[in-house]
Amino acid sequence: MSEELETKRIKREILVRLIKAFISDNYAENVRLIPYEMRPKGCEVPFRCCVYKERAILRSRTIAGLGFAMEDDDEKTLLSDFAKKALTRKHPEPEPLTVLQNACKGCPSAKVFVTELCQNCVAKPCMKACRFGAISNDGHRSVIDSEKCKKCGLCMAACPYKAIVKTVVPCEEACPVGAIAKGEDGLAHIDNDKCISCGKCVSACPFGATHAKSQVIDILKNIKEGKEVIALIAPALIGHMPCKPEQIQEAFRKIGFSAVYEVAQGADITAKTEAKDFQERLESGAPFMTTSCCAGYNELVKKHLPEIKPFVSDAKTPLYYTAEIVKKEHPKAVTVFISPCFAKRREVLDNPNVNYLLNFEELGAIFVAMGIEIDTCEEKEFDYKSSKEAREFALTGGVARSVQAAWKGEEGAVKPVVINGLDKAAIRNLKLWAKMGKCPDGNLVEVMCCPGGCIAGNACLGSLKDAFKKITDYGNKGQSLETERKEKND
Amino acid sequence: MKKIQVKVCQGTTCYVMGGSGSKSILDTLTEKYGDKIEIVSVRCFEICHKQDSFSKAPYVYVDDELISSASLEKVINVIESKLKNE
Ligand code: FES
């Protein structure tokens with residue numbers, strides 16, 4: 001978190017205020033006041049044109065924090081009414097992301113254009129490079145006809161002065177599947193049929209205009225009603241809490257959760273199942289297999305890459321197995337997945353064993369709002385002792401390593417290929433491999449949507465470096481799946 | 001000569017609002033200044049508990065000077081100007 005810090009801070013502040021309002025005696029009214037408290041009468045106007053515009057945007061952010069889609073806002077409804085409506089909602093909104101139209105700048109469309117650095121040279125390599133006849137010369141410099149230009153960038157590469165530049169719309173550029181684009185109104189819109197909820201647009205927008213719709217109120221409401229609410233924590237969480245792993249259970253109890261399970265428990269099952277699946281596939285002549293635990297990747301397969309489906313492991317995600325165990329042990333419990341990213345929202349929606357999703361930022365906001373100092377929490381080990389590999393599932397390469405550790409087939413047969421971050425180029429590769437029916441670089445393809453792995457998920461709190469260290473320290477304290485396997489073999 | 005004392009908060013609020021920035025402030029300062037200044041890590045100054053002041057976290061003290069919304073750059077600027085004035 002660095003350049004996007006400012007927008008993240010605003011979003012986190014809203015969440016904290018929302019939660020504070022929820023635990024106060026005057027919830028709805030205090031929610032209504034959020035924009036006014038953040039921008040009181042006569043205050044400085046740090047970002048936009050006037051205080052009214054800033055308040056309007058803060059109001060929109062609060063609505064997203066309450067879990068509603070901005071697209072449904074009629075602008076007349078009071079924030080306090082939204083706050084009340086959030087309490088009566090039975091099921092959270094299906095689509096995870098929403099665009100705040102009033103926060104969206106309506107950035108200039110992406111285009112390639114010739115700057116004043118053009119020297120109007122004799123050779124005119126730009127004109128020769130263009131395959132679409134889009135470049136002409138007005139006597140002073142080269143000019144690009146945007147109607148004809150396909151933004152291929154060949155002229156940029158050809159110009160010896162580097163005088164031609166390409167501007168981008170950050171959200172459009174970041175989205176690997178073309179699901180967000182400027183509409184006729186000039187503002188960004190998400191096409192939910194294409195969106196894989198990877199959240200890259202959320203991190204990319206420097207105005208903070210794309211938001212996740214939070215479920216935090218729904219979760220806190222269940223806790224307040226005295227229900228048995230259980231947290232299922234993603235392995236990445238260990239890297240993003242300023243405390244020891246052993247203090248996490250107590251920290252959740254202070255919020256009101258009745259129990260905490262590590263999703264690493266299910267990761268152990270995923271690793272073993274995936275290793276077995278992979279062995280069977282290789283033995284029956286399959287050329288390669290891809291992992292199946294990244295929710296963004298699974299959505300990609302469903303919506304854009306059905307041809308690769310036969311190559312995707314049938315193993316379920318760590319969350320799936322963990323939730324199954326939890327629901328068996330606590331059939332009446334409300335289960336909440338504690339997630340590093342937005343993409344898991346869809347998986348949660350499709351899994352009846354998981355009721356809600358709380359991301360790391362929202363969790364952090366709860367600690368702040370409730371004044372819980374997690375570093376002072378009592379220490380307690382988890383009952384289930386997860387393996388080293390399961391604890392390191394959230395690191396890039398971690399899932400492939402877990403399959404290797406659980407591997408029972410021929411020695412050296414597993415050749416991992418790691419896709420560390422899903423971008424347009426990676427998607428092209430996957431498409432190609434599915435079409436060719438083989439992967440030239442190896443046979444076990446691990447796909448993670450976020451570069452760095454789940455510890456770099458877009459709702460994470462801390463830095464990648466810090467998280468990496470904490471996770472590997474914790475991993476090193478666990479037993480390897482390999483030792484377990486070797487002991488059994490002896 | 002008394003060493004400049006820098007206290008960096010490592011409490012929950014400062015961590016959440018600053019995105020582990022306070023941790024990297026702590027690490028970088030130690031690397032950059034070593035023994036030239038005294039660097040202390042504190043759990044929580046309890047400033048964050050006062051009404052709305054959570055929003056200005058993370059907090060760092062350079063001697064008696066409180067820096068809010070602390071970034072590495074801000075903290076170094078204050079330290080440098082103090083070092084110069086000595
Ligand atoms: S956590 Fe830093 S002042 Fe409280």
Side-chain angles (χ1 to χ4, degrees), chain A residues 1-17 19-20 33-34 36-40 43 46 58 239-243 247 251 254-255 360-377 455 458-470, chain B residues 5-34 38-62 66-80:
Chain A
M1 186 163 113
S2 48
E3 66 281 358
E4 73 244 43
L5 184 65
E6 210 42 60
T7 55
K8 283 208 172 199
R9 280 178 72 95
I10 298 172
K11 289 178 188 176
R12 287 177 194 179
E13 180 173 350
I14 300 243
L15 284 169
V16 174
R17 287 181 185 271
I19 299 158
K20 281 191 173 205
L33 291 176
I34 289 176
Y36 301 92
E37 269 165 7
M38 288 177 73
R39 295 292 177 268
C43 79
L58 292 171
H240 289 279
M241 288 282 106
C243 67
Q247 292 174 305
K254 284 198 173 161
I255 299 176
F360 294 178
E361 285 193 313
E362 293 156 351
L363 173 69
I366 297 182
F367 288 134
V368 174
M370 294 189 173
I372 299 171
E373 198 56 57
I374 51 186
D375 193 22
T376 60
C377 287
I455 55 164
N458 35 39
C460 280
L461 285 168
S463 73
L464 190 61
K465 188 174 144 225
D466 211 24
F468 184 86
K469 181 166 184 310
K470 279 192 190 143
Chain B
Q5 190 192 47
V6 183
K7 287 187 273 184
V8 188
C9 178
Q10 299 294 304
T12 304
T13 301
C14 285
Y15 179 89
V16 171
M17 295 306 292
S20 85
S22 42
K23 175 81 173 59
S24 74
I25 292 176
L26 192 71
D27 294 346
T28 319
L29 290 186
T30 319
E31 224 170 83
K32 186 170 155 84
Y33 294 103
E38 187 191 347
I39 302 162
V40 194
S41 134
V42 179
R43 182 171 285 136
C44 169
F45 298 136
E46 294 192 8
I47 306 165
C48 63
H49 298 233
K50 274 178 240 144
Q51 237 212 314
D52 284 346
S53 38
F54 74 89
S55 64
K56 296 275 182 301
Y59 290 103
V60 172
Y61 270 107
V62 178
L66 176 67
I67 308 176
S68 56
S69 311
S71 64
L72 187 59
E73 205 191 348
K74 270 195 190 173
V75 177
I76 289 183
N77 279 345
V78 177
I79 296 177
E80 287 296 327

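If you're wondering where the values come from, they're calculated on a predicted model, not measured in any experiment. Here is the naming used below: chain letters follow the sequence lines, and residue numbers restart at 1 for every chain.
Annotation: residues 38-47 of chain B contacts chain A through Arg43(B), Cys44(B) [non-hydrogen atoms, separation under 4.5 Å].
Taking OG from Ser55(B) and CD1 from Ile14(A), the interatomic distance works out to 11.0 Å, rounded to the nearest 0.5 Å.
Of the possible donor and acceptor atoms, none in the side chain of Arg9(A) sits under 3.5 Å from a partner among the backbone N and O of Gly18(B). Using a distance-only test at 3.5 Å, with no hydrogens or angles considered, a donor-acceptor pair links the side chain of Tyr15(B) to the main chain of His240(A).
No more than 12 heavy atoms of other residues, nucleotides or ligands shown are found within 6.0 angstrom of OH on Tyr36(A). Annotation: Lys56(B), atom NZ; neighbour count of heavy atoms from other residues, nucleotides and ligands within 6.0 Å does not exceed 12. Within 6.0 Å of NZ on Lys465(A) lie no more than 12 heavy atoms contributed by other residues, nucleotides or ligands. Within 6.0 Å of CD on Glu80(B) lie more than 12 heavy atoms contributed by other residues, nucleotides or ligands.
When heavy atoms are compared at a cutoff of 4.5 Å, Ser69(B) approaches chain A by way of both its backbone and its side chain. Neither the backbone nor the side chain of Ala251(A) comes within contact range of chain B, judged by heavy atoms closer than 4.5 Å. Of the atoms belonging to Asp375(A), heavy atoms from both backbone and side chain fall under 4.5 Å from chain B. For a residue to count as touching a neighbouring chain, one of its non-hydrogen atoms must lie under 4.5 Å from one of that chain's; by this rule Met38(A) does not touch chain B.
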Stepwise side chain to side chain contact (heavy atoms under 4.5 Å, CB included) test for Ile372(A) and Thr12(B): CA-CA 8 Å; Ile372(A) 299 171; Thr12(B) 304; over 6 Å; no

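Here the closest heavy-atom approach between residue Gln51(B) and residue Lys20(A) is recorded as O-NZ, 3.3 Å.
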